[in-house]
Amino acid sequence: MQNQTQRTGWGLIGASTIASEHMIGAIRAQAGHDVAAVMSSSIERGRAYAEKHGIAAAYGSVAELLSDSAVDAVYISTTNELHLEQALAAAAAGKHVLCEKPLALSVLQAQQMVEACHAAGVVMATNHHLRNAATHRKIRELIQNGAIGKPLFARVFHAVHLPPHLQGWRLDKPEAGGGVILDITVHDTDTLRFVLDAEPLEVVGLSQTAEMAKGGLEDGVMAIIRFDNGVLAQLHDAFTVKHAGTGIEIHGEQGSIIGRNVMTQQPVGEVILRNAAGEQKVQVEHENLYVRGVASFCAAMRGEGSPAATGDDGIRSLATAVAVLQACTTGQKTPVNP
Ligand code: NDP
């Protein structure tokens, strides 16, 4: 499915901020890969975006982008309600699909997307960047090597301030999948699944609407997830908090791992191991999270291994976020399905 020059061309579905800030660079960092085209619902904006980023073609519809033979793979980063139909169209056109989180607005929709890609024989992945961080990979390795014994509890600190240039649909468009739970809780969940190598079973939660979100959306949440290895994980996610700092902690029978400033898009942060031997800062070799994630997707397109976060990972993180949303609405403990 590669184009004739054997270069792999990507089509951007959505002239988005995340593509301009991280993903165009991450694609171009891969040898033999480039961004061939961009699709925007506004062709004027699409052309301006293409010119700004040196992209050869701009289209005003997904169908036009998918019929461009220079496009072998698509990166979908539109608002969340559009991912489903765009992923289905890309799969039907035989293009590989790297899709943003949350994959869709419901678990059923996400399953449809993954099944369509599987049936079409194209690679499908979810852009959960955090599992590509050197810090989280180190935390997973420490746990697997028994550094803290049996893990019992986890705490995720992901209360941040949504920057002004992103204060749009996330805060006032429920129909676009706005709100902090579909935006941030999905990332926490994927990260916890990755570091713990365990699956969420059930959740409780309470959400908050402070001065930012409208239209019934939440801009803060505290939730607890029970995992199938017995771990209880506490999450604190918000758009409204300027000075909390981010982090993750895993507490086990024999020790604790503390990750500071690690719930971020940047290759930064530190990992501390505390156990009977005392406290030590663990060495990590930072690297660009998005470049690493795209590299695994490119390898999967060549038939080498799986993407860092698969479509199934996207389904599971979404299922947990949907359960948290439901728990916050009903006040009930809610099972995670699937
Ligand atoms: P943006 O608001 O920047 O982009 C979403 C859509 O909004 C675009 O597809 C575009 O539509 C439209 N848009 C963007 N800028 C403008 C503008 N100036 N004027 C008019 N319309 C505009 O969203 P994000 O980039 O923040 O998020 C996009 C997706 O990526 C979401 O699914 C989000 O959850 C995910 N995301 C993932 C991150 C990660 O680290 N994995 C980080 C941030 C976001 P059109 O293309 O039709 O022009």
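All figures in this text were calculated on a predicted structure; none of them were measured in a lab. Whatever order the structure lists ligands and atoms in, that order sets their numbers, starting from 1.
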Practice problem: Number the atoms of ligand 1 from 1 as they appear, then name those within less than 4.0 Å of a heavy atom of Ser41, with their elements. | Solution: 45 (P), 47 (O), 48 (O)
Quiz item: Of the protein's non-hydrogen atoms, which lies at the shortest distance from atom 30 (O) of ligand 1, and what is that distance?
Solution: Glu100 CG, 3.2 Å
Quiz item: Contact between Ser77 and ligand 1, counting heavy atoms under 4.0 Å?
Solution: yes
Exercise. Kindly determine whether Glu81 and Thr79 satisfy side chain to side chain donor-acceptor pair (under 3.5 Å), including the steps that lead there.
Key: CA-CA 6 Å; Glu81 83 285 14; Thr79 48; 2.9 Å; yes
Exercise. Specify the protein heavy atom at minimum distance from atom 25 (O) of ligand 1: its residue, its atom name, and the distance to 0.1 Å.
Key: Ile18 N, 2.8 Å
Quiz item: Just which atoms of ligand 1 are under 4.0 Å from any heavy atom in Tyr290?
Solution: 39 (C), 40 (O)
Quiz item: In terms of residue, atom name and distance, what is the protein heavy atom nearest to atom 2 (O) of ligand 1?
Solution: Trp169 NE1, 2.9 Å
Quiz item: Closest heavy-atom contact between Gly269 and His286?
Solution: O-NE2, 3.1 Å
Quiz item: Is Ser42 close to ligand 1, meaning an N/O of one under 3.5 Å from an N/O of the other?
Solution: no
Quiz item: So is Tyr49 in contact with ligand 1, going by heavy-atom distances below 4.0 Å?
Solution: no
Practice problem: Would you check if the side chain of Ser40 reaches a backbone N or O of Ile43 as a donor-acceptor pair within less than 3.5 Å? | Solution: no
Quiz item: For ligand 1, which atoms have a heavy atom of Met39 less than 4.0 angstrom away?
Solution: 46 (O)
Self-check item: Summary of ring-ring contact (aromatic ring centres under 6.0 Å, His included) pairs that have at least one residue in residues 299-338, sequence neighbours excluded
Solution: none
Self-check item: Flag, side chain of Asp188 to backbone of Thr185, donor-acceptor distance under 3.5 Å
Solution: no
Quiz item: In terms of atom number and element, which parts of ligand 1 are under 4.0 angstrom from non-hydrogen atoms of Gln265?
Solution: 40 (O), 42 (C)
Practice problem: Tell me which part of Asp183 gets within contact of ligand 1: side chain, backbone, both or neither, using heavy atoms under 4.0 Å. | Solution: side chain
Quiz item: Short N/O distance, under 3.5 Å, between Leu166 and ligand 1?
Solution: no
Practice problem: Only one of Leu289, Asn132, Val284, Thr135 passes side chain to side chain contact (heavy atoms under 4.5 Å, CB included) with Pro267; say which it is. | Solution: Leu289
Exercise. Please check if the side chain of Asn127 supplies one atom and the backbone of Glu100 the other of a donor-acceptor pair under 3.5 Å.
Key: no
Quiz prompt | Per-atom contacts of ligand 1 with Asn80, taking only distances under 4.0 Å to non-hydrogen atoms | solution = 31 (C), 32 (O), 34 (O)
Quiz prompt | Heavy atom of the protein closest to atom 7 (O) of ligand 1 (residue, atom name, distance) | solution = Thr79 CG2, 4.5 Å
Practice problem: Name the closest protein heavy atom to atom 45 (P) of ligand 1, giving the residue it belongs to and the distance to 0.1 Å. | Solution: Ser40 OG, 3.4 Å
Quiz item: Counting each atom of ligand 1 from 1 as listed, which ones have a heavy atom of Gly14 under 4.0 Å away?
Solution: 9 (O), 46 (O)
Quiz item: Do Arg137 and Glu287 pass the salt bridge (Lys or Arg N to Asp or Glu O under 4.0 Å) test, and can you show the C-alpha distance, the side-chain angles, and the key distance before you say yes or no?
Solution: CA-CA 11 Å; Arg137 287 186 288 115; Glu287 64 181 294; 3.1 Å; yes
Quiz item: Do His236 and Phe157 make the cut of ring centroids closer than 6.0 angstrom?
Solution: no
Self-check item: Leu201 with Leu235, same ILVMFWY side-chain cluster at under 4.5 Å
Solution: no
Self-check item: Option set Arg45, Glu44, Lys101, His83, criterion heavy-atom distance to atom 33 (C) of ligand 1, minimum
Solution: Lys101
Exercise. Can you see which heavy atom on Arg28 is nearest to which on Gly54, and at what distance?
Key: NH2-O, 3.2 Å
Quiz item: At the 4.0 Å heavy-atom cut-off, does Glu21 count as touching ligand 1?
Solution: no
Quiz prompt | His128 heavy atom under 4.0 Å from ligand 1 | solution = no
Quiz item: Heavy atoms only: which of Arg170, His22, His187 is nearest to atom 43 (C) of ligand 1?
Solution: Arg170
Practice problem: Please write down residue, atom name and distance for the protein heavy atom closest to atom 8 (C) of ligand 1. | Solution: Ala15 O, 4.0 Å
Quiz item: Nearest protein heavy atom to atom 4 (O) of ligand 1, by residue and atom, and its distance?
Solution: Ser16 CB, 3.5 Å
Quiz item: Is the closest N or O pair between Tyr75 and ligand 1 shorter than 3.5 Å?
Solution: no
Quiz item: Any N or O on Thr17 sitting closer than 3.5 Å to an N or O of ligand 1?
Solution: yes
Practice problem: Could you tell me whether Arg140 sits above the aromatic face of Phe194, with NZ or CZ closer than 6.0 angstrom to the six-membered ring centre and within 45 degrees of the axis? | Solution: yes
Self-check item: Verdict with reasoning, Thr329 to Gln326, per side chain to side chain donor-acceptor pair (under 3.5 Å)
Solution: CA-CA 5 Å; Thr329 307; Gln326 192 182 332; over 6 Å; no
Practice problem: Would you check if the distance from the ring center of His187 to the ring center of His158 is below 6.0 Å? | Solution: no
Quiz item: Do Ala19 and ligand 1 have an N or O pair less than 3.5 Å apart?
Solution: no
Exercise. Provide the number and element of each atom of ligand 1 under 4.0 Å from a heavy atom of Asn127.
Key: 41 (N)
Practice problem: Please say which of Asp190, Thr191, Thr126 ends up in a side-chain hydrogen bond (donor to acceptor under 3.5 Å, both in side chains) with Arg131. | Solution: Asp190
